[in-house]
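In what follows, a structure is listed as structure tokens, so that the remarks can point back to it.
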Amino acid sequence: AQTSQILFVRSIRHITFFFPFGVLLAMAFAGCQTTPRLLLVGSFVSIGICLAQHALGLGLLDIDGMIYNIAGVWAGGRVLVVLEGSSASV
């Protein structure tokens, strides 16, 4: 039970950390507001950070962490798109 709780907290931490990046990405580049582009850019950034951490001996290559990072970028970008869409109709 404690292991699943630790994994849950870790996943939320990864998603929360990358959420603002998704918002900023969608704000700065209108072309990055689609799901495929958010996932692509999020993948490159997440893989780049993980490889840099591994090369510098600061962390382990962790596929779960990369997936949660990408999810955070996607969620941040999509939330911005939804909020912009709802404010445009008001």
Can you name the nearest heavy-atom pair linking [X] to [Y], along with the distance?
X	Y	result
A26	G77	CB-CA, 3.9 Å
M66	S46	CA-OG, 3.3 Å
Q33	R78	O-NH1, 2.8 Å

Exercise. Which other residues belong to the hydrophobic cluster containing L38, where Ile, Leu, Val, Met, Phe, Trp and Tyr are joined when side-chain heavy atoms lie under 4.5 Å apart, directly or via other members?
Worked result: F17, F18, F21, L25, F29, L39, V41, V45, I49, I70, V73, W74
Exercise. Nearest 0.5 Å, what's the CD1-SG distance between I63 and C50?
Worked result: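 Between atom CD1 of I63 and atom SG of C50 there are 8.0 Å.
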Exercise. Which value, rounded to the nearest 0.5 Å, describes the distance between L56 atom CG and L51 atom CG?
Worked result: 10.5 Å
For this session: Sequence neighbours left out, what passes side-chain contact (heavy atoms from CB on, under 4.5 Å) with I15? Give chain and number order.
Result: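 For I15, the residues satisfying side-chain contact (heavy atoms from CB on, under 4.5 Å) (neighbours in sequence not counted) are Y68, A71.
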Exercise. Do R13 side-chain atoms and F8 backbone N/O form a donor-acceptor pair below 3.5 Å?
Worked result: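 Not at all, since once roles are kept as given, no pair shorter than 3.5 Å links the two residues.
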For this session: Scan residues 14-29 for pairs that pass side-chain hydrogen bond (donor to acceptor under 3.5 Å, both in side chains), counting only residues two or more places apart or in two chains.
Result: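 Checked against side-chain hydrogen bond (donor to acceptor under 3.5 Å, both in side chains) - neighbours excluded - the pairs reaching residues 14-29 are H14-N69.
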